[in-house]
Amino acid sequence: MPELPEVEVSRLGISPHLQGQQLTKVVARQRQLRWWVPDEVLQQQQQPILAVRRRAKYLLLDLPGGSIILHLGMSGHLKVVPADLAPGKHDHLDLLFANGTALRLNDTRRFGAVLWQAQGEQHPLLAQLGPEPLTADFTAETLIQACQRRGSAIKLVLMDNHVVVGVGNIYANEALFKAGINPQQPARDVSADKLALLCTIVKETLTAAIVQGGTTLRDFSQVDGKPGYFKQELLVYGRGGQPCVNCDTALSEVRLGQRSTVFCPLCQPLLQKN
């Protein structure tokens, strides 16, 4: 599933093509995505796109009466194409604009979503989300407080959207490795200094991934391109059994919360509480 950097790069890619454009019509060729595309989305006509925002892994297209919410699911991606371009097999929804272009959602597995949030309301999917990791709302202090008295693994806490949004499996693995924290360590047993370091590294890791993904921005207006995951320099994720880049020890791989978790047993020792 695309993680925060991929979604943010999608936002950066489509924003110049959408912001200020007049939305003339919404065409849904398949309304049964993860959830049924609501009537309110299809009723949006002759409305300007005021802004393109991101909240966690959701994209929000702001209109005068509310926001269209997009989620890419596991296989979805967005393209800006000529409005008269014939749709492909999995091109499920188009937002048509007065300038002759369309924002097209392609989603092979149909785990994505297109939803509606009325002006002045908050969609239930967004209501309980924690702070954005790249804002001043996510601090060492907020992470330290979240970890107090929590016996669950630090990796699971870091991936909890009530604690901080958008730190998915890939970047949780990477950040914990850089911070020298064992992902299985109970959160309450991680020192305040280590958690402060982890907070900084999460911000740096996500920012670096967004910068790296910036090289794919042109793909959003290329009909045959498929932006999504971009080439990344990963230190541990997907490298179980391979040598650690720091010490050559074979990287261990376990399952935490049903997700692959890779770490170096030497660089990230599991500390025993006295």
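Worth knowing before you read on, the calculation uses all heavy atoms, side chains too, and leaves out hydrogens, waters and symmetry mates.
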Can a donor-acceptor pair be found, under 3.5 Å and without considering hydrogens, that links the side chain of [X] to the backbone of [Y]?
X      : Y      : result
Gln268 : Cys264 : yes
Glu8   : Ile210 : no
Arg11  : Ser15  : no
Arg34  : His71  : no

Beyond-backbone contact of [X] with [Y], side-chain heavy atoms, under 4.5 angstrom:
X      : Y      : answer
Leu72  : Leu105 : yes
Pro64  : Gln119 : no
Asp91  : Val81  : no
Leu125 : Ile69  : no

Between Arg53 and Leu59, does a side chain to side chain contact (heavy atoms under 4.5 Å, CB included) hold up when you go through it step by step? CA-CA 6 Å; Arg53 298 184 290 127; Leu59 292 172; over 6 Å; no
Count the heavy atoms of every other residue, nucleotide or ligand shown that sit under 6.0 Å from [atom1] of [X], and state whether that count exceeds 12.
X      : atom1 : value
Gln32  : CD    : yes
Arg255 : CZ    : yes
Lys25  : NZ    : no

In Å and rounded to the nearest 0.5 Å, what is the CZ to CG distance from Arg259 to Asn169?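 Output value for this atom pair is 4.0 Å.
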Could you go through Gln21 and Leu103, starting from their C-alpha distance and side-chain angles, then the distance that decides it, and tell me whether this counts as side chain to side chain contact (heavy atoms under 4.5 Å, CB included)? CA-CA 11 Å; Gln21 292 296 326; Leu103 179 68; over 6 Å; no
Which is it for Lys194 and Asp189 under the salt bridge (Lys or Arg N to Asp or Glu O under 4.0 Å) test, yes or no, and what are the steps along the way? CA-CA 10 Å; Lys194 277 288 190 181; Asp189 295 343; over 6 Å; no
Side chain to side chain donor-acceptor pair (under 3.5 Å) assessment of Asp193 paired with Ser191: CA-CA 5 Å; Asp193 286 346; Ser191 71; 5.5 Å; no
Are Phe177 and Tyr171 connected in a single hydrophobic cluster, I mean Ile/Leu/Val/Met/Phe/Trp/Tyr linked by side-chain heavy atoms less than 4.5 Å apart?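 Each belongs to a different hydrophobic cluster.
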Between the side chains of Glu141 and Gln145, is a donor N or O closer than 3.5 angstrom to an acceptor N or O?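 Yes - a donor-acceptor pair under 3.5 Å links their side chains.
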Consider side-chain contact (heavy atoms from CB on, under 4.5 Å). Of Val202, Ile201, Thr207, which one does Thr205 pass it with?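 When Val202, Ile201, Thr207 are each tested with Thr205, the side-chain contact (heavy atoms from CB on, under 4.5 Å) holds only for Ile201.
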Decide yes or no on side chain to side chain contact (heavy atoms under 4.5 Å, CB included) for Leu4 and Glu132, but give the supporting numbers first. CA-CA 10 Å; Leu4 185 149; Glu132 288 284 338; 4.1 Å; yes
